[in-house]
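Model, not experiment: these values are computed from the prediction.
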Amino acid sequence: MKPPKTISSAMQELTFTRRATVIGGLQIGVGVLLASRMAYISVAENERYKLLSESNRVNLTLVPPRRGWLIDRSGKPIANNKTDFRIDIIPDRLRDKEKTVATLANLLSLDPEELERINRELEQAGSFQPVQVATGLDSEQYAAVSVRLPDLPGVSPRQGFSRNYPSGPAIGHLVGYVGIASAEDYKENPDPILITPGYKIGKDGLEKMFEDHLQGKPGAKRVEVTARGKIVRELNTRPDVPGKPLQLTLDIDLQEYAARRLGPESGSVVVIDCLTGDILTMTSMPSFDPNSFSDGIGVTEYGMLRDDDHVPLLDKSLKSLFPPGSTVKPMVGLSFLEAGLDPDETVNCNGGLQVGNRRFRCWKRSGHGRVDMAKGIYQSCDVYFYYFAQKIGINPIALMANRLGLGQKYPLPVASQFYGTVPDPAWLRKKHKREWQAYDTVNTTIGQGYMLVNPTQLAVMASRIATGKNIVPRLIMDEKKPAIPTLNLDPEHLLYVQKAMSDVVNGPGTAGRARLPLDDVKMAGKTGTAQVVNLDFGRGGRDVAWKYRDHGLFVCFAPYDNPRYAAAVVIEHGGGSGAAYPVARDVLTFLYDRQKAMDVLTGMEKSWGGTIQERMDRKMEAYRARKALEKAMADNPAAAASTDAAASDSETGSGSGE
Amino acid sequence: MSDFIPAPIAQLPWKTIFLLFVLASFGFIVLYSAAGGSLTPWAGLHMVRFTLFAGMAIVLSRFRESFWKAMAFPIYIVVVLMLVGVELIGAVGGGSQRWLNLGFIRLQPSELMKVAIILAVARFYDLLPPAQIRTWGAIWPLFALLALPCALILMQPDLGTTITVVTGALTIAFLAGLPLRLFIGGAAAVAVLAPLAYFFALEDYQQRRVTTFLNPENDPLGSGYHISQSKIAIGSGGLFGKGFLNGTQSHLDYLPEGHTDFVFATMAEEWGLMGGIVVLFCFFLLFRWGLGVAMKAKTRFSQLTAAGMTVTIFFYVAINLMMVMGLAPVVGIPLPFMSHGGSSMMTIMICVGILMSIERNPGKSGNAFG
């Protein structure tokens with residue numbers, strides 16, 4: 001078979017040897033290449049790969065710091081932290097989204113609405129942002145998820161702290177709430193703590209304004225982990241530094257009482273300490289529960305808050321503007337006195353006054369007869385003010401309004417406050433391009449027309465009239481007591497007006513029912529009823545639709561002879577001042593005799609259908625039922641007719657107490 | 001030789017066996033560590049297999065060249081039939097299958113094809129009259145021999161093995177003396193056709209491996225993960241490594257396939273560059289021996305066969321190491337003597353056995369025990 005040894009066979013031998021040598025050479029070349037490549041990776045780039053290997057091996061877990069507490073003036077917690085088992089999802093570590101979410105839903109028995117929220121947030125969240133699945137779990141649920149971790153990549157169970165607001169809705173507007181940092185926050189400041197599950201930042205209110213103060217420093221935990229995220233051992237831990245507490249001037253008990261006392265009404269109560277300007281309460285109701293917001297609010301609950309015509313999402317104490325109505329009359333009186341008007345000068349009130357070509361009515365159609373300044377205030381006679389305001393002119397009135405705090409912005413730690421309008425000719429020219437007319441003066445003098453204030457301004461006005469000092473409201477407790485400068489008002493003028501205000505309550509005035517049920521404390525005040533629309537069919541009392549009803553207002557201070565507390569109560573569409581001054585009475589009573597005030601409230605809450613929380617829960621149920629029904633009707637219009645009756649049943653059954 | 005050692009044993013190629021033993025033992029040590037300091041599931045079995053297959057290689061080394069010559073084509077045909085068989089079982093069972101279960105081992109016929117193709121092609125050029133080596137008649141049978149096995153293996157689909165088979169065959173053709181311009185032209189053609197093949201012939205997962213190889217950081221959690229983690233393991237090992245049983249990449253499961261295809265990275269993490277140099281040096285000695293056997297062989301068939309076997313083993317080593325160091329895409333080719341896996345060790349030991357057999361019988365001598 002073998003070919004004979006020919007020349008060509010010998011040549012083949014030669015070729016083979018030559019080419020085999022080439023192959024040997026190539027092999028050596030590859031060997032050298034591999035050796036140098038390996039040397040390059042392991043020696044030249046050693047540092048880099050060592051780091052990468054370490055960052056593989058060691059998982060640095062940031063521990064969110066405990067937020068600083070918010071406490072009230074006596075040290076009671078307004079916002080604190082409660083220990084909490086929580087589960088989050090880190091989207092970019094997820095393998096199978098549907099399966100993971102379904103497993104969690106099963107383990108934690110999440111309801112469909114929660115699932116909807118989680119799925120929505122998973123869609124929206126950046127890949128690195130944690131999405132909260134559940135908080136406040138019990139240790140069994142927590143353990144159930146923890147043991148299944150190897151099958152649930154991207155799921156992060158943690159034991160941490162969550163924000164807790166013991167007073168709930170009563171404090172919502174003021175403290176705001178906390179929440180997970182948004183994608184924008186992280187873009188602005190790519191600190192890994194921002195995307196650590198369980199880490200929340202202040203989103204609104206004081207929580208937001210004092211973020212740096214409350215935040216604290218995160219701790220860190222170094223653990224050795226496998227590629228599948230299983231923790232092999234803990235290496236070391238650095239504890240977190242909790243945020244600093246922040247003491248507010250509020251009296252949280254009073255705040256809660258005021259919130260509850262407002263009941264089903266939409267309104268605001270502001271109480272100021274006349275010695276310091278401390279805001280003791282700044283309530284706006286209805287409100288939202290900051291606990292819900294901080295836990296990630298559900299669609300339904302948010303929808304309910306958004307759709308409510310009582311606007312629970314709006315802080316009415318600083319951001320709702322109302323015509324102050326007759327509550328400005330003591331202020332206007334002061335301006336008259338300063339302009340030199342003799343308070344004993346009178347005018348005859350026969351129920352109205354002709355100004356130009358229009359007759360301006362007094363609220364009392366039958367008239368007050370002879371009216372001096374005191375009567376003008378305690379009987380709230382409009383004609384007295386129509387008449388003398390035209391004589392004195394608008395400028396002294398506007399000036400006094402500003403001095404007493406109306407139209408002013410206060411140095412409060414809030415994101416925004418609406419400071420309203422104190423109209424004067426200059427303002428009118430600038431804003432409405434027309435000259436000031438007599439009827440503008442007449443409107444302004446009874447707190448109507450262009451005049452707009454917020455409830456906090458009314459309380460400040462009351463405190464300044466009570467003390468004659470330039471009281472500036474404050475929310476944050478400070479060690480040093482602020483020195484309060486005087487307003488340079490004539491003490492006699494003040495005494496006169498204060499007496500007239502006392503007579504409103506304790507004398508022949510408009511708010512006799514506002515008298516404090518206390519033997520030794522007398523309250524001075526002033527009622528106000530602000531018209532919302534010009535109703536042809538009479539005043540906006542309780543017999544018209546809610547949104548057309550008059551606002552009820554009341555400003556007051558107590559004790560009358562040695563003022564300590566000043567307050568303002570505004571009931572939006574309350575139908576008149578009668579809705580406001582009983583609230584003021586009970587709130588001030590609470591400051592002196594808590595039990596007495598509570599007894600009154602307990603009876604009322606029974607008739608309203610329970611505490612704030614109970615009423616909110618019921619409202620939520622009704623809202624959810626209505627939404628479900630609407631959805632069902634949209635899906636199946638044929639069934640609509642038959643279920644209509646059920647819908648109205650459930651609404652009346654909700655018993656919101658209105 | 002001393003009298004008390006029987007001649008057949010004294011005559012065994014001890015140097016080679018020792019070299020292989022060193023490599024396999026190092027593999028054993030690495031696999032022991034990869035299992036977290038345990039003989040199971042890999043290290044023990046690895047040594048058992050090595051011993052069995054080394055025994056098999058020694059048995060194979062007793063066969064003469066004439067046996068391999070005579071069996072070259074029959075073996076080729078049998079392995080092609082086995083490949084067809086695997087396809088049929090796959091088609092019947094639904095889903096692709098690469099192995100035949102023989103009970104004690106899952107036999108991959110495609111592995112055996114690496115050996116069979118070398119025997120067949122070497123036999124073909126042995127039969128070809130020298131005068132015809134520069135004719136068409138020297139070329140088409142080569143492709144005929146390659147066509148069916150390559151088609152069958154590609155259907156599995158197993159690109160790595162296909163490339164190994166083709167490379168083995170082409171190496172023999174090159175050594176047999178086919179005109180050089182064919183290889184230069186062929187290389188040029190591959191350069192042109194490779195992009196086309198990438199887009200039209202490769203499976204999705206294979207395409208991804210290629211793009212990933214070109215830019216592993218693009219896909220750090222997908223298929224780039226293998227290469228990135230392997231480089232981290234090798235790079236973090238440094239000069240002397242993290243020490244036996246101290247590798248974190250492998251022990252914490254960051255390095256995938258740390259006991260099979262990426263066993264070298266597992267080794268490098270714990271033994272560093274020094275360990276790598278030792279492994280490379282051992283392989284260098286092995287290939288020097290293999291090419292030496294080829295050079296010393298006296299017959300054309302044994303020359304070509306020995307060189308082909310050497311290149312096949314070399315190809316395993318080169319592709320595997322280039323892969324773990326990020327110089328080649330991830331193709332499933334294990335590292336001989338170190339990776340855990342029966343089929344490939346069997347193939348390599350057959351190669352070694354045939355090389356030993358050629359070393360014993362460089363040709364012309366008629367004595368089996370010469």
* Side chain / backbone / both / neither for B/Leu280 at chain A, heavy atoms under 4.5 Å -> side chain
* Top contributor to chain A contacts, counting heavy-atom pairs under 4.5 Å, from B/Gly237, B/Pro256, B/Gly235, B/Ala318 -> B/Gly235
* To do: State, yes or no, whether a side-chain contact exists between A/Val225 and B/Leu252 at a heavy-atom distance under 4.5 Å.
  => no
* To do: For B/Lys298 and A/Glu13, work out which heavy atoms get closest and say how close.
  => O-OE2, 4.0 Å
* Got a sec, which residues hit side-chain contact (heavy atoms from CB on, under 4.5 Å) with A/Ala220, two or more places apart in sequence or on another chain? -> A/Leu60, A/Leu62, A/Arg238
* Given a strict heavy-atom distance threshold of 4.5 Å, which part of B/Leu239 is in contact with chain A: side chain, backbone, both, or neither? -> both
* **Most contacts with chain B, counted as non-hydrogen pairs under 4.5 angstrom, among A/Ala39, A/Ala44, A/Gly24** => A/Ala39
* **Side chain / backbone / both / neither for B/Phe183 at chain A, heavy atoms under 4.5 Å** => side chain
* Contacts of A/Thr135 that satisfy side-chain contact (heavy atoms from CB on, under 4.5 Å) - sequence neighbours left out -> A/Asp84, A/Arg86, A/Gln132, A/Asp295
* Structure fact -> Scored by heavy-atom pairs under 4.5 Å with chain A, the best of B/Leu180, B/Leu175, B/Asp253 is B/Leu175
* Structure fact -> Counting heavy-atom pairs under 4.5 angstrom with chain B, the leader among A/Leu52, A/Leu34, A/Leu51, A/Val43 is A/Leu34
* Could you tell me the separation between the CG atom of A/Asn56 and the OG1 atom of B/Thr248, rounded to the nearest 0.5 Å? => 7.5 Å
* Structure fact -> If one checks every heavy atom of B/Val311 against chain A at 4.5 Å, the contacting part turns out to be both
* Structure fact -> Whatever's closer than 4.5 Å to a heavy atom in chain A on B/Phe240 counts as neither
* Asked: What part of A/Glu54 gets closer than 4.5 Å to chain B, counting heavy atoms only: side chain, backbone, both or neither?
  -> neither
* To do: Could you give me the CA-CA distance, side-chain angles and deciding distance for A/Thr226 and B/Tyr254, then say whether side-chain contact (heavy atoms from CB on, under 4.5 Å) is met?
  => CA-CA 7 Å; A/Thr226 69; B/Tyr254 289 98; 5.6 Å; no
